[in-house]
There are 2 protein chains.
Amino acid sequence: MATIRDVARLAGVSISTVSRVLNKSGYVNSETEREVNKAIQMLKYEPSDVARGLTNKKTRTIALILPDIVNPFFPELSRAVEDVARTSGYTVIFGNSDGQANKEKAYINILKQKYISGIIFASHNLNRDDVEYLQKIDIPFVVLDRAPSQEGCTVVRSNNFEGAKLAVQHLLDVGCKKIAHIYGPQEINTAKDRLSGYEESVKNFKWYSPTLMVPGNFKLDGGMNAAHVLMERHPDVDGIFVGNDLMAVGALKTLLRLGIKVPNQIAICGFDGIHLAEAVEPELTTIAQPIYEMGALAADLLIKKIEGAVVDNRIYELEVKLVPRASTTKEI
Amino acid sequence: MATIRDVARLAGVSISTVSRVLNKSGYVNSETEREVNKAIQMLKYEPSDVARGLTNKKTRTIALILPDIVNPFFPELSRAVEDVARTSGYTVIFGNSDGQANKEKAYINILKQKYISGIIFASHNLNRDDVEYLQKIDIPFVVLDRAPSQEGCTVVRSNNFEGAKLAVQHLLDVGCKKIAHIYGPQEINTAKDRLSGYEESVKNFKWYSPTLMVPGNFKLDGGMNAAHVLMERHPDVDGIFVGNDLMAVGALKTLLRLGIKVPNQIAICGFDGIHLAEAVEPELTTIAQPIYEMGALAADLLIKKIEGAVVDNRIYELEVKLVPRASTTKEI
DNA sequence: AAATCATGTGGTACCGCTACCACAATGTCC
DNA sequence: GGACATTGTGGTAGCGGTACCACATGATTT
């Protein structure tokens with residue numbers, strides 16, 4: 001491993017000069033610069049990020065804290081973050097928080113010790129204290145999917161409320177006469193917004209009843225169980241808007257096992273737009289979030305912040321899109 | 001951010017002493033130690049990993065290079081790696097190589113610059129040169145799923161050949177009379193081994209024909225297409241062993257769309273044991289690799305290596321397990 | 001009694017880089 | 001022609017640790 005000293009010696013200049021050409025800062029004679037670059041090439045010199053980190057307190061490494069990479073929403077998001085980061089010369093550390101505030105805090109501490117440049121939180125446990133702490137120790141961060149319960153946060157999310165309305169409208173459009181909703185954990189903002197969107201859309205129908213809303217855990221088995229509950233309560237339901245795709249796939253499983261035809265007897269619409277929705281048969285209609293774009297935008301904003309650009313601490317809300325597929329395409 | 005100097009001053013000792021209690025190295029009077037620890041607590045001092053990295057050339061960070069985190073096999077693996085790493089005080093950097101050798105090389109370089117402690121390769125492009133290079137620059141690494149084409153590698157894999165035989169045997173057991181195979185890219189060792197296992201198992205049957213083996217790309221659409229090809233060639237096939245779960249789900253889709261009953265007309269058995277196999281209906285019988293264990297073992301071995309333990313440079317081959325589910329449970 | 005050893009502590013040269021300061025040598029302006 | 005930029009370069013003090021060496025003390029050995 002060549003060091004900056006080796007380069008300086010070979011090029012016959014001082015360390016300072018090499019540092020200057022490296023960072024394109026200050027004055028360097030173009031002739032000298034050429035010499036230095038030649039030496040760099042010859043020695044295959046690469047500056048040590050660690051040494052730089054020690055002086056700069058920046059390491060060109062960002063962290064992505066998410067609940068659980070196994071949840072299929074997050075791989076796509078992670079991919080986007082990594083793509084953008086890599087292109088911009090950053091590496092990505094990832095950590096699973098399992099939605100536990102203490103794991104998240106522990107990570108913040110470790111990351112601070114490592115002079116991480118910035119953090120993206122795709123987790124749901126960042127509270128006011130954490131935010132204040134991050135601001136105090138001056139680590140740039142971007143949050144996914146959080147309501148702006150606190151000032152001074154850059155938030156990337158999609159329009160869950162409108163998405164839910166879109167879902168219900170679509171189910172109505174394909175002829176559904178009684179639409180139920182399976183919702184996710186209400187601590188999670190997205191789940192809450194989607195539930196609100198559903199309620200808002202259906203509350204004025206004569207068939208509306210609060211019992212049409214069944215809770216789930218945002219996982220496969222949650223969707224399966226909720227569908228069972230629903231079929232017992234309301235066997236006459238002919239459309240279900242499910243709070244996320246994973247539960248929607250679970251609900252689909254239950255219905256198929258009960259011998260119910262999807263979409264002809266019951267149409268299903270999910271939310272998220274993960275690949276899984278296309279793996280099942282019939283393929284799942286969904287309200288697709290621009291998952292990749294969300295990750296890419298979050299990474300982009302974070303890097304801008306890190307590099308000192310002025311980033312508005314505001315909510316970047318992206319639009320969702322109805323993706324109609326077989327699970328709501330009733331045959332005539 | 002308190003530094004070691006602050007602690008030394010507050011405790012009224014020298015930096016050296018603080019360093020000694022920090023690293024539990026050398027002699028320290030227990031009284032002194034208590035004083036130092038008190039100071040550490042009071043200042044909430046945490047040693048800087050970066051500064052340590054500069055002296056030690058070790059950063060308590062490991063990297064996980066995989067083809068694409070979006071491929072559902074890898075999130076589970078990553079989760080295991082991160083769990084083990086976190087427990088041992090390491091953080092995990094992840095990178096997608098898309099199976100491109102140059103991206104992989106680029107990553108190795110960046111990681112070297114960052115004094116990464118070690119690397120896990122779950123990617124398929126590590127060649128002899130890369131291995132030699134890694135050994136030369138003395139970065140510990142562990143490889144997943146690679147044949148031991150070169151000495152000096154610690155490899156974690158599962159028994160793909162036996163797994164394939166298990167799959168075929170299971171299909172025979174449930175009464176299949178003509179079994180096809182959809183195989184993955186032959187540059188990938190696992191795909192090759194599974195194909196060999198299939199051939200080995202079926203070559204002596206009278207119904208055997210090379211045309212029963214159809215190529216796929218290890219992705220969903222590859223499985224869909226291959227199933228189409230297969231149905232044209234051999235409409236009388238009644239069992240398919242598919243080289244991985246993702247393609248198996250694709251094949252299942254195609255069959256269902258063609259109106260073929262699974263498992264009664266055609267039974268399907270996949271390979272991998274990813275969660276997706278349980279999301280589809282009928283649920284997919286599969287040869288499950290111990291994915292989590294593989295990731296955990298790889299991380300464990302890597303950390304042992306990093307910390308100087310003697311790790312045999314050998315192949316750690318884990319057993320696979322048949323998980324029978326609905327896709328091969330024929331009704332009587 | 002001298003030599004040796006275990007215990008305990010402090011001083012400081014690195015690790016590889018950046019940032020700041022100092023210093024020259026020119027060029028430019030009034 | 002002196003004051004003042006502009007351009008170009010080198011020296012070096014950190015950044016926050018670790019590791020090695022030096023040194024002091026009291027105990028043990030010979």
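Heavy-atom basis, side chains included; hydrogens, waters and symmetry copies ignored. Residue numbers start from 1 in every chain, and the chains themselves are labelled A, B, ... in the order their sequence lines are given, proteins ahead of strands.
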Short side-chain donor-acceptor distance under 3.5 Å, B:K114 and B:T61:
no
Report yes or no: do B:S14 and B:T17 form a side-chain donor-acceptor pair below 3.5 Å?
yes
So does B:F74 get a backbone contact from the side chain of B:S78, meaning a donor-acceptor N/O pair under 3.5 Å?
yes
Donor-acceptor pair, distance only, cut-off 3.5 Å: does the side chain of A:S117 make one with the backbone of A:I62?
no
Nucleotide [N], atom [atom2] - distance to [atom1] of [X] in whole Å:
| X | N | atom1 | atom2 | answer |
| --- | --- | --- | --- | --- |
| A:K112 | D:dG16 | NZ | C1' | 14 Å |
| A:E33 | D:dT9 | CD | P | 10 Å |
| B:I4 | C:dT12 | CD1 | P | 16 Å |
| A:Y115 | C:dC17 | OH | C1' | 14 Å |
| B:R5 | D:dT18 | CZ | P | 11 Å |

Find the bend of the helix from C:dA1-D:dT30 to C:dC30-D:dG1 as the angle between its two terminal axes (five pairs each), to the nearest 10°.
50°
Kindly indicate whether the side chain of B:R34, heavy atoms from C-beta on, has any atom under 4.5 Å from the side chain of B:K38.
no
With rounding to the nearest 0.5 Å, note down the distance linking CG in A:N96 to CD in A:E104.
11.0 Å
Given A:Q289, which of A:M294, A:R157, A:E319 fulfils the side chain to side chain contact (heavy atoms under 4.5 Å, CB included) condition?
A:M294
Determine, for B:Y316 and B:R314, whether the Lys NZ or Arg CZ falls below 6.0 Å from the six-membered ring centre while staying within 45 degrees of the axis.
yes
Answer yes when B:D98 and A:R79 have at least one side-chain N-carboxylate O distance shorter than 4.0 Å, and no when they do not.
yes
Hey, is A:D49 close enough to A:R60 for a salt bridge, meaning N to O under 4.0 Å?
no
Near DNA chain C, which residues from residues 39-62 of chain B have a heavy atom under 4.0 Å away?
B:L54, B:T55, B:K57
Tell me whether A:K57 at atom NZ has more than 12 heavy atoms from other residues, nucleotides or ligands lying less than 6.0 Å away.
yes
Please list, by residue number, the residues of residues 13-31 of chain A whose heavy atoms come closer than 4.0 Å to an atom of DNA chain D; answer none if no residue qualifies.
A:V13, A:S14, A:S16, A:T17, A:R20, A:Y27, A:V28, A:N29
